[in-house]
Amino acid sequence: DSGVTQTPKHLITATGQRVTLRCSPRSGDLSVYWYQQSLDQGLQFLIQYYNGEERAKGNILERFSAQQFPDLHSELNLSSLELGDSALYFCASSSTTLDTQYFGPGTRLTVL
Amino acid sequence: GNSVTQMEGPVTLSEEAFLTINCTYTATGYPSLFWYVQYPGEGLQLLLKATKADDKGSNKGFEATYRKETTSFHLEKGSVQVSDSAVYFCALSDGDGNKLVFGAGTILRVKS
């Protein structure tokens with residue numbers, strides 16, 4: 001158990017819908033990262049927050065957004081969902097931006 | 001940009017066989033290097049890491065050495081077990097914010 005929690009574990013929804021994925025980092029970790037794992041793209045970095053501020057952005061679609069709250073949990077919002085958004089979404093956390101990242105169990109999103 | 005290349009799988013071995021999974025990288029600067037493991041139905045777990053040239057990371061019988069001259073970080077284990085069956089990802093930390101760049105992953109199957 002890495003100490004990073006993600007909810008929900010599974011999410012099934014329809015095209016065009018909007019969903020929110022939640023991540024709670026390990027106690028004391030200030031940095032949160034979001035990654036997408038899909039069969040065709042592999043594991044890709046989406047976005048990073050550090051102590052509430054966006055720190056780095058990767059291959060994140062404009063339909064996707066994220067934020068980190070004062071209690072340091074983070075949410076990833078996915079809107080206007082398409083079939084191709086079906087994937088495993090992982091959250092990871094680290095104590096600073098230079099430390100090892102620890103991953104949560106992931107949220108499996110299925111778009112029908 | 002920075003990238004990681006792993007040997008393609010699946011790799012199928014008998015129990016107690018020697019394991020090597022090749023990983024090479026392209027990067028500017030001096031990234032940290034990681035091996036993560038993903039067991040069926042689970043999230044990513046850090047297996048080992050190395051932060052500078054000639055460092056050797058080790059954990060649970062697995063080893064990898066950071067070779068700057070060959071830009072490699074090959075994973076080895078002297079005697080694999082059925083329980084080692086999983087997907088192994090090589091990764092490097094990339095730039096500001098320390099996001100991870102992953103290889104495509106290598107499936108390892110160990111037969112008894």
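Just so it is clear, the values below take in all heavy atoms, side chains as well, and ignore hydrogens, waters and symmetry mates. Reminder, nothing fancy here: chain letters follow the sequence lines and each chain counts from 1.
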Residue B/Leu46 versus chain A: region with a heavy atom under 4.5 Å: side chain
task: Can you tell which part of B/Gln38 gets under 4.5 Å to a heavy atom of chain A, answering side chain, backbone, both or neither?
output: side chain
- request: Against chain B, label A/Tyr50 side chain, backbone, both or neither, depending on which of its atoms sit under 4.5 Å from a heavy atom there.
  value: neither
task: Measure up the A/Tyr89 and A/Phe64 rings against each other and bin them: parallel (under 30°), tilted (30 to 60°), perpendicular (over 60°).
output: perpendicular
task: Can you establish whether the number of heavy atoms outside B/Glu69 located under 6.0 Å from its atom CD is more than 12?
output: yes
task: Assess whether salt bridge (Lys or Arg N to Asp or Glu O under 4.0 Å) is satisfied between A/Asp85 and A/Arg63, documenting all intermediate values.
output: CA-CA 10 Å; A/Asp85 298 328; A/Arg63 300 184 285 109; 2.8 Å; yes
field: Sole candidate of A/Leu21, A/Leu76, A/Leu81 that passes side chain to side chain contact (heavy atoms under 4.5 Å, CB included) when paired with A/Leu109
entry: A/Leu81
task: Would you mind telling me which of A/Gln37, A/Gln44, A/Gln41 has the largest number of heavy-atom pairs within less than 4.5 Å of chain B?
output: A/Gln37
